[in-house]
Student: 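Take this structure first; my questions come after.
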Amino acid sequence: MVGVHDGRRSRSRFIGDGSDGPDADGSSHDAPGEQPTAAGPRLYVVAARLPVDFHPVEGWRRAPGGLVSALEPTLNETTAWFGETRPGQPCPPVRIGRCGLIELPVTANDHELAHDGFCNRTLWPALHGIGGNVEEQGAWWDAWRRRTAVAAEVVARHTARDAVVWVHDYHYFGLATPLRRLRPDLRIGLSCHTPIVDEVLAELTNSRELARGIVDFELITVQTERDRDGLLRWLDRRRSPADGRPAVIANPVGFDVERWIRRRTDDVVLSLAERHRAPAGVLIVGVDRIDYTKGLLHKLHAIEVLLASGRVAPDDVRFVQIAVPSRTSIPLYAYLGRQMKETAERINADFPRSDGRPVVTMVDEQLAPRQVAGLMRAADIALVTPARDGMNLVALEFAVLNGDRPCELILGHGAGAAEYIGRWCRLVDGTDVNGIADAIGDSIDTGRDEATADRARQRADAASVLTVERWSRTFLDTVSRSRDVVSGVRAGM
Ligand code: G6P
């Protein structure tokens, strides 16, 4: 391993040796524009982050997060994964299985401006339709364009001829244009993991340029039909007719269904579940990254309203919320974290339980998947109530894990998951505190009856369709076919 990043990175490194190394297909073409080889497998992933994360005690480990879980089963088919590491981390491993890891270089300053600034303070709230949280700065946009251009050069240099480049999420919305200029042979597709709410997106200062860049992808997949409509409406408003129009399909992200079914009988999961279940009363759980899109404060307020109304007594209910801090350098996120802590403390002080346990427990660390499963397996009710969310894999995982027992999933209709499993959930508006409180109260009243068990079974069946294999196969098959369609559109056919 080489030392810690010095914050002045400017060259790509083939990870592990600290230098530009061989291409992931074993060939070596150092300069963009040099003839790429046709050898080697065909799939390359580009994402904001590499799929590994550095832990001070455990060292490098699989990164937490939905995208990595979703793509993990396909890693062996993936030639290489391009992404950034977090500033200050040492050099990551060379590969995971057969998948090479190639770091996208960015200076610490550009990372802050482009990732924390443009991606997370401009695009993120805009995509979720939260206009009040959108902030814009010219320097963020400039850094984002610089970062995109550098990434295009690195990807162009390290990919085999005619390969498929699968770009994930909003961080590299602008990649297709410079990459296509350098490597017209590549098939470049984008999968959006966020919702696409056109109203706010269309009002961004650089909306037109963003839209004109995104149409250079041959294929864009989104989570739901609602997002497909949003994307097309945005493009229709902001691109010019000469820009062409990419193929856009709803292709919901997959997850490792089999693994979540196996966890139903996993000894570690079951003993953890036993422990979580121990105190009497209804157990409600939530699992989220701290983000204003997730409706976390609304959930806490709903619990408070329910307790204050007397419909449920503190001894009869516990709410355990995993709330992993994220983006803490952004003031709004840090503020939200503090508000949640204060709200939980207030509820616990106002509604003491006779056994001395808190009615609300906040867990602020990233737990291992089996620990999360242990908590989910114990839950009577899962509270997954984002105001808006791309898919929300927690909802799907909960559904599959618990298809064999009566339990309730209260789901925000703004989550993409609602389009796929909403029929078998209690749907709520994630911003409606009283509505969430009512849904919890109704679920507690209904209890573990036969109808609840039936719905849990059907919910699991519906979620089980969303496999990683189906997701990646649909993407790869469609991106292969989409070129002809798109060039036809571009040629005015
Ligand atoms: C969302 C995005 C992910 C991102 C994650 C954490 O889930 O869709 O791409 O990795 O938030 O955000 P961060 O900026 O910390 O990577």
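Counting convention: from 1, in listed order, for ligands and their atoms alike.
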Student: Listing by chain and number, which residues have a heavy atom under 4.0 Å from ligand 1?
Tutor: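 Near ligand 1, by chain and number: Arg49, His115, Asn120, Trp124, Asp169, His171, Arg289, Arg327.
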
Student: Could you work out, with salt bridge (Lys or Arg N to Asp or Glu O under 4.0 Å) as the rule, every residue matching Arg181, not counting sequence neighbours?
Tutor: none

Student: For residues 250-262, which side-chain donor-acceptor pairs fall under 3.5 Å, sequence neighbours excluded?
Tutor:
from: Asn251; atom 1: OD1; to: Arg470; atom 2: NH1; distance (Å): 3.0
from: Asn251; atom 1: ND2; to: Trp471; atom 2: O; distance (Å): 3.0
from: Asp256; atom 1: OD1; to: Arg259; atom 2: N; distance (Å): 3.4

Student: By side-chain hydrogen bond (donor to acceptor under 3.5 Å, both in side chains), which residues pair with Arg264, not counting sequence neighbours?
Tutor: none

Student: Classify the ring geometry between Phe173 and Tyr170 as parallel (under 30°), tilted (30 to 60°) or perpendicular (over 60°).
Tutor: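 It falls in the perpendicular class, over 60°.
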
Student: Please indicate whether Arg423 has more than 12 foreign heavy atoms, meaning atoms of other residues, nucleotides or ligands, lying under 6.0 Å from its CZ.
Tutor: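 Open.
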
Student: For a quick check under 3.5 Å, do Asp291 and Thr293 share a side-chain donor-acceptor pair by atom type?
Tutor: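 Checked: Asp291/Thr293 side chains pair up, N/O donor to acceptor below 3.5 Å.
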
